[in-house]
Each structure stands twice: as C-alpha cells, then as structure tokens.
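To find a chain, count down the sequence lines: A is the first, B the second, and so on, and within it residues start at 1.
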Amino acid sequence: MSTQFRSIRGIHDGLPEEVRSFRHIEETARRVFSRYVFSEVRLPVLEPTAMFVRSIGSDTDIVAKEMYRFEDRGGDDICLRPEGTAGAVRAYLQAGLTRSGAQRWFYIGPMFRRERPQKGRLRQFQQIGAEWFGVSGPVEDVEVLAMAHAFLEELGIPELAMEINSLGCPVCRPAYRDKLVAFLDARRVSLCETCNTRIDSNPMRVLDCKVGSCQAQLADAPEMASHLCGDCQSHFDGVKSGLDALAIPYVVNPRIVRGLDYYNRTAFEIVTNKLGAQGTVLAGGRYDGLVEELGGPATPAIGFAMGMERLAMLLPDIAAGSVDVAVVAIGDSVAAYALGIADRLRRAGCHVIHCGGGAAKRQFKVADREQARFVAVLGEDEMQQGLMQVKDMQSGSQQALGIDAAIAAIRQERS
RNA sequence: GUGGAUGUAGCUCAAUGGUAGAGCCCCGGCUUGUGAUGCCGGUGGUUGUGGGUUCGAGCCCCAUCAUCCACCCCA
C-alpha cells in the first residue's frame, strides 16, 4: 500500500507477532546466559568511527562501504555501530576493568549496516552477543560454545549445525598465508574474478568462495588447521575434546573464515539450511589481539553474536496474550460502574478488555473477536444489585455473580 | 554496488489497449440487554510515483521508489 511515509529501506518495524518471538528469544538468552554467570551490558549505538576502523579493519566491507557514518554538529566523525564487539572492548577499557579479573558480558540491541536487504539481512537488525574478557582457553572456548549450544537447544530450534575451525595466530598464520597465496597464485587463471582480487586482499576468503569452478580448484588447497603451530594445535585439540566430553555435536569446517580482522584461533558458526543464503544464525570466535589493538593491555578474549531476526524466522509463531474477561456495559448510566469493575478485575490479575459501550450486540462481537474467555455484562439491574452477569463464551451459560465470586471463577479457569 | 522477479481495496488476488472487480476483513441491518453459522446492505482505489506513446493506458515504453530472491558480504 502507499502511505505518505515509509520506514527507511531495510529498516523494519517490530510488530506484535515478531516482537513476541523477540521477547521469547531474549528471555531465553537471559535465562541461559545467567547460568553461565554472564552479565548484561547496554552499550551505545553511536560510537567513534575510528574505533571500528581500528578493530574491524579498514579493508573489510563493513568499514569500507557499509557503515552509517557521518559528522555530527561538533565535527566529530561518528557512526551507527555495525557490530558489538568493538564497543564492548572500548567500554571494558574505559571502565578500567582490565585488572578486575575476567569479565563475562552479554548485550542485546540493534546494529546497522548499509547493505542491500534480502531474506535474513536488514540494515537495522538485532543482535545478541556475548563477550568474555581475560581468558585464554581452551576451557573457556568450550564453555562459550556450550552456552551457545544450550541457548539454541533451549529455544528449541532443530537442525542446526555447529562448525568450528582454528584460524591460527600471529605465529603460524603468516607462514600459512604465504603458502596459500603461492598455491592460489599458481591457479589465478582458473579462479573467478573476485577470487583474484581476494588473493591480494584476503586470501583466506578464497577458500569459502561459492563459485563451483573455484571450489574445484581448491580441493587440495592448504588448510590452516593442518598448519597450526604447537600452541594453536593443542588449543584446538582442547576445544574439540571439551566438546566431545560434553557430547556437543560439531564438525570441523576448515573453510570457515572470519570477515573481521581481529579473530584468531577458535572460530565457529552455527548454521541452518532453512534461511536461504543467510544460513548463519550465530557466529564468533577468539580475538586475543583486539583489546591491545584498541589501546589496552594484552588481554585474550572470546565472544559470539547472533541475529535475532534470523532466529525468529526459525521459531513457530507465539500466540498473543489471551483475554480473560471482556466487559460489556449496557446503557450510558453504567459507564462509570463498568470502568470500575474492569479496574477491579485487573487489580485481581485478570486480563481485561472493555468493549466500549454502545449496542450489546456490537460489544459481544468485539468480545468474540478477541476470543474472551468470559464476558461480564453490566447493566442497570446488575449495578443496583452489585453483581455482574458472567457469561462463559465457550459453553454459553451465564450466571449472576458478585465481584469476588466472579474473580474466583475466572481465576479457576485461568489455571 | 551487480543481476532477476514483483508492485491493483486493509489482506489475498482477478480484469483481449475501451465503464477497475471478487473473496476475506471492517462497519451496519435481520424489533426488547447477548457472540460464532446464515441472509441483506455499506465504507473503502488518482491501479507505488513521475513522465511518454495512443482517440483512449491497470495493461505498451522510459525513469524512479519500494518489496522479495540471488551475487557480494555477513548475524
């Protein structure tokens, strides 16, 4: 339909049906995360642009072309946050928590990226993220993975697959990278155009190219997982054996690459095949160098983020709140009395709608459409006697009750 | 940023280039203060927007905007 004003492209309204799913997801996250003793933080949506350039990397698509970036009235270069980790690190440092032991945080909120919208991809979207500062793993890596797994299990989303990989570290990755570039360089003519540019910009990206002819060339490409240094190897082994000990199903996917520069060692994704091209529901990894990169002391850390809209699409619809009682007021003289009855019913915990007065037939139609369990009919006679006609809308039977008896009857039906 | 599909009533959709319709929803009526089914009636459209071709455009052409799908990238 054409209305005068529309929301900005790729920025959608959260209407009741979707928000019911969001709330369910958020409540589940808070419940599960609290069992791992993670604390919720609420961080700014606006941050200095330079912070993301430093953390995510100036060559990434997010920074190079997807940020909502502008100069504010004071001339500061600021932007709408495109992801949550950088701001969390900034807040961790700003609060002076680097000598306060490990910090376990999670956050829920909107992120912004100016991409072309499609299924499961919006310009403003909600993420739930978790960050754990000051721990080097692999035990903590396993716990983070276990927390993500427990959350999704408790949400009841079926057919999700956990994929893990190791991205190495500054000790072993450069040598691997050189080897990979040499391998790719020898096959430039057989690789697609974008892969040719990726060889120079981000060679590991070539590994997860979706072009079939490229994948055919990559069958025996060198993989990071088989070029790890000793420390990375034992770390990765520790992660795998921890997951095994918890009987958490996973597969090692050597083609997992992280788009953001700050990741090292453990990287993981939880994916579904039910969302078309946007199958990643949750993704994260270890970022041991980021805190230092943003000006703090060398501090290992690990975290993940998930897309709430994508999760919501995988969940069945949740029914709207039910109406216990619909108040039908017959005659103008009972208007005040009917308002008072509705108020008393609500104070007793009942979910009450007022049908607005007017023709009884119309009010009953409202009650029916809202699927009220009971109707409280209030007319001149009822007001004089201090009663109400309580009609059971399923059986059609009706009886005159005082307020306390009515509340008791409604409560009995609610349980 | 690239490619493709689609825009007609609140919703789902019709309408050989010749008077814009249906179903559902909504509102009202079918005698007193009572819902669901049924019957009757009603509101509701500058056909996304702006140009062009034509005697005449919802239909053809161009542009633009939006939605959806894919690429890219990512949660």
Strand RNA chain B as a dot-bracket string - pairs counted if Watson-Crick or G-U with both distances under 3.5 Å, | where the partner lies in another strand: (((((((..((((....[..)))).(((((.......))))).....(((((..]....))))))))))))....
Donor-acceptor pair present, A:Arg9 side chain and B:U67 base, under 3.5 Å: no
Sugar-phosphate only, base, or nothing, as touched by A:Leu275 at under 4.0 Å among non-hydrogen atoms: nothing
Distance, C1' atom - from B:G58 to B:U19, rounded to whole angstrom: 14 Å
Contact under 4.0 Å: [X] side-chain N or O vs [N] OP1/OP2:
| X | N | result |
| --- | --- | --- |
| A:Gln118 | B:C69 | no |
| A:Arg121 | B:C68 | no |
| A:Arg123 | B:A75 | no |
| A:Arg198 | B:C73 | yes |

Salt bridge (charged side-chain N to carboxylate O under 4.0 Å, His left out) involving A:Arg188 - partner list, sequence neighbours excluded: A:Asp185, A:Asp200
Output one line per pair: protein atom, nucleotide atom from nucleotides 32-34 of chain B, and distance, for all N/O pairs under 3.5 Å.
| residue | atom | partner | partner atom | Å |
| --- | --- | --- | --- | --- |
| B:G33 | O6 | A:Asp381 | OD2 | 3.4 |
| B:G33 | O6 | A:Glu382 | OE1 | 3.4 |
| B:G33 | N1 | A:Glu382 | OE1 | 3.0 |
| B:G33 | N1 | A:Glu382 | OE2 | 3.0 |
| B:G33 | N2 | A:Glu382 | OE2 | 3.3 |
| B:U34 | O2 | A:Lys391 | NZ | 2.9 |
| B:U34 | O2 | A:Gln398 | OE1 | 3.4 |
| B:U34 | N3 | A:Gln398 | OE1 | 2.8 |
| B:U34 | N3 | A:Gln398 | NE2 | 3.4 |
| B:U34 | O4 | A:Gln398 | NE2 | 2.7 |

For residues 320-341 of chain A, run the donor-acceptor check on the side chains, cut-off 3.5 Å, and write out each pair with its distance to 0.1 Å, sequence neighbours left out.
| residue | atom | partner | partner atom | Å |
| --- | --- | --- | --- | --- |
| A:Asp324 | OD2 | A:His351 | N | 2.8 |
| A:Asp324 | OD2 | A:Arg414 | NE | 3.3 |
| A:Ser333 | OG | A:Glu380 | OE1 | 2.6 |
| A:Tyr337 | OH | A:Leu387 | O | 3.4 |

Salt bridge (Lys or Arg N to Asp or Glu O under 4.0 Å) partners of residues 212-221 of chain A, not counting sequence neighbours, each pair once: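 Not a single pair qualifies under salt bridge (Lys or Arg N to Asp or Glu O under 4.0 Å).
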With a cut-off of 3.5 Å and sequence neighbours excluded, list every side-chain donor-acceptor pair involving residues 124-131 of chain A.
| residue | atom | partner | partner atom | Å |
| --- | --- | --- | --- | --- |
| A:Glu131 | OE1 | A:Tyr287 | OH | 2.5 |
| A:Glu131 | OE2 | A:Thr85 | OG1 | 2.8 |
| A:Glu131 | OE2 | A:Tyr107 | OH | 3.3 |

